[in-house]
Number of protein chains: 2
Amino acid sequence: MQVCFVASLFCRIAVPENPTHPLDAFDRAILAILQQDNTTPQRVIGERVNLSAPAVQRRIRRMEQSGVIQANVAIVDPTALGHPITIFVEVELVSETAGDIDEAKRRFLAAPEVQQCYYVTGDVDFMLVVLVPSMAAYEALTRRLFFDNANIRKFRTFVAMDRVKAGLAVPVT
Amino acid sequence: MQVCFVASLFCRIAVPENPTHPLDAFDRAILAILQQDNTTPQRVIGERVNLSAPAVQRRIRRMEQSGVIQANVAIVDPTALGHPITIFVEVELVSETAGDIDEAKRRFLAAPEVQQCYYVTGDVDFMLVVLVPSMAAYEALTRRLFFDNANIRKFRTFVAMDRVKAGLAVPVT
DNA sequence: ACTTGCCACGAAACAAACTTGCATCGAGCG
DNA sequence: CGCTCGATGCAAGTTTGTTTCGTGGCAAGT
């Protein structure tokens with residue numbers, strides 16, 4: 001009887017029904033941990049969210065297969081690899097036909113210095129985050145990416161002085 | 001006498017290690033792999049870079065302790081967690097004294113919706129990358145972060161329509 | 001109300017990866 | 001020339017991740 005009580009208690013926690021893939025409180029708790037440190041042993045995760053290690057493992061695998069977890073990566077200090085300068089670039093195109101936009105996307109995607117690239121609304125078309133070893137390297141990059149491209153109307157550069165906060169963590173709440 | 005010996009031993013241990021061990025080709029090759037997938041077994045890494053698994057393990061640990069590897073994290077799909085909207089914000093302050101800037105940094109740092117925050121040169125002072133569930137939530141955030149702050153001169157909003165490329169990977173070359 | 005099917009869980013066995021100790025090799029140096 | 005230091009590879013030991021199996025609850029259909 002006492003065992004029954006404990007079992008029902010666990011069940012009450014697990015209650016939320018999920019026909020397909022909605023994330024329940026367990027999944028979110030696991031994600032919150034993995035977003036901070038994905039080397040945390042599953043046993044520790046289980047202790048923290050009140051689940052067994054296999055249950056944690058199943059949920060992680062399901063979220064990886066469903067695409068909720070997109071990748072598991074190491075975050076590296078750019079300075080240590082010789083790319084100490086972070087630059088934001090606003091890019092404005094001349095022609096915004098679908099073809100021209102895709103062409104620009106492909107060009108930015110292919111440049112390894114471009115760490116992030118977003119197609120945005122507003123006065124500009126693209127926002128880029130660029131990593132370079134030096135301003136000379138950035139000058140060379142602008143030549144290659146912008147000046148040699150007739151479809152670039154103009155671009156504005158913002159050099160980062162302080163990386164106040166940098167990450168890809170998503171709020172779990 | 002024995003105590004002296006022990007003391008000197010502790011001294012040798014306590015001596016701060018070389019601040020930045022230069023990264024050789026092996027380290028860079030390992031980082032290139034870990035930046036893409038840090039679940040890669042050390043044995044596989046060793047095969048790919050022509051090193052034994054323990055050698056790989058020692059190098060990884062050294063880079064973690066020296067700060068070259070800053071974290072090991074899972075990348076999560078923001079849409080799956082209910083934050084489908086990515087927004088870039090340019091923020092311009094009224095007063096740019098050191099104290100006011102630090103105050104702004106602290107404020108942005110404390111906001112979980114702010115995924116990235118850089119202090120930049122140029123016409124604006126800060127560039128933010130913000131994740132929100134809806135435009136209504138962004139409206140509430142602007143009220144909390146900007147309108148309720150007398151030191152914000154103005155801000156410009158760019159809503160992302162397409163996440164062309166998003167990551168924190170650093171070029172290894 | 002009972003039963004059936006389904007799904008998720010936990011315990012334990014199993015496999016794989018990580019970690020450590022030890023001997024060896026080569027470079028720098030007295 | 002011999003020494004020390006650092007890094008490597010091999011092998012054993014330990015932790016971690018994975019699979020298997022049995023149990024119990026919830027929903028749907030008798």
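Just so it is clear, the values below take in all heavy atoms, side chains as well, and ignore hydrogens, waters and symmetry mates. By convention in this document, chain letters (A, B, ...) are assigned in the order of the sequence lines, proteins followed by strands, and residues within each chain are numbered from 1.
- Taking 4.0 angstrom as the limit, B:Arg58 places none of its side-chain polar atoms (N or O) nearer than this to OP1 or OP2 of D:dG6.
- OP1 or OP2 of C:dT19 has at least one side-chain nitrogen or oxygen of B:Gln42 nearer than 4.0 Å.
- One finds no side-chain N or O of A:Gln57 lying less than 4.0 angstrom from the OP1 or OP2 phosphate oxygen of D:dG17.
- Regarding A:Ile60, its CD1 atom lies at a distance of 16 Å from the C1' atom of C:dA8, rounded to whole Å.
- Nucleotide D:dG6 holds its C1' atom 11 Å from the CZ atom of B:Arg59, rounded to whole Å.
- At whole-Å resolution of the value, CG in A:Asp24 and P in C:dA8 are 10 Å apart.
- The stretch residues 44-54 of chain B touches DNA chain D through B:Leu51, B:Ser52, B:Pro54, each having a heavy atom under 4.0 angstrom from the strand.
- B:Asp24 has a carboxylate O that lies under 4.0 Å from a charged side-chain N of B:Arg59, or vice versa, which qualifies the two as a salt bridge.
- In the set D:dT8, C:dC9, C:dA17, C:dA17 carries the atom at the smallest distance from any side-chain atom of B:Arg43.
- A:Lys105 contributes no side-chain N or O that, together with a main-chain N or O of A:Asp100, makes up a donor-acceptor pair within less than 3.5 Å.
- Checked for salt-bridge contact, A:Glu103 and A:Arg106 meet the test: a charged N lies under 4.0 Å from a carboxylate O.
- Applying the side chain to side chain donor-acceptor pair (under 3.5 Å) test to pairs two or more places apart or on separate chains, none has a residue in residues 74-83 of chain B.
- For residues 120-145 of chain A, the set of pairs meeting the ring-ring contact (aromatic ring centres under 6.0 Å, His included) definition, not counting sequence neighbours, comprises A:Phe108-A:Phe126, A:Tyr119-A:Phe126.
- Computed from coordinates, the A:Ile30 CD1 to D:dG17 P distance equals 13 Å when rounded to whole Å.
- In the set C:dT20, D:dT19, D:dT8, the nucleotide with an atom closest to the side chain of B:Arg61 is C:dT20.
- Put simply, A:Arg62 has a side-chain N or O that comes within less than 4.0 Å of OP1 or OP2 on C:dA8.
- For B:Arg144 and B:Glu113, the salt-bridge test passes: some basic side-chain N is under 4.0 Å from an acidic carboxylate O.
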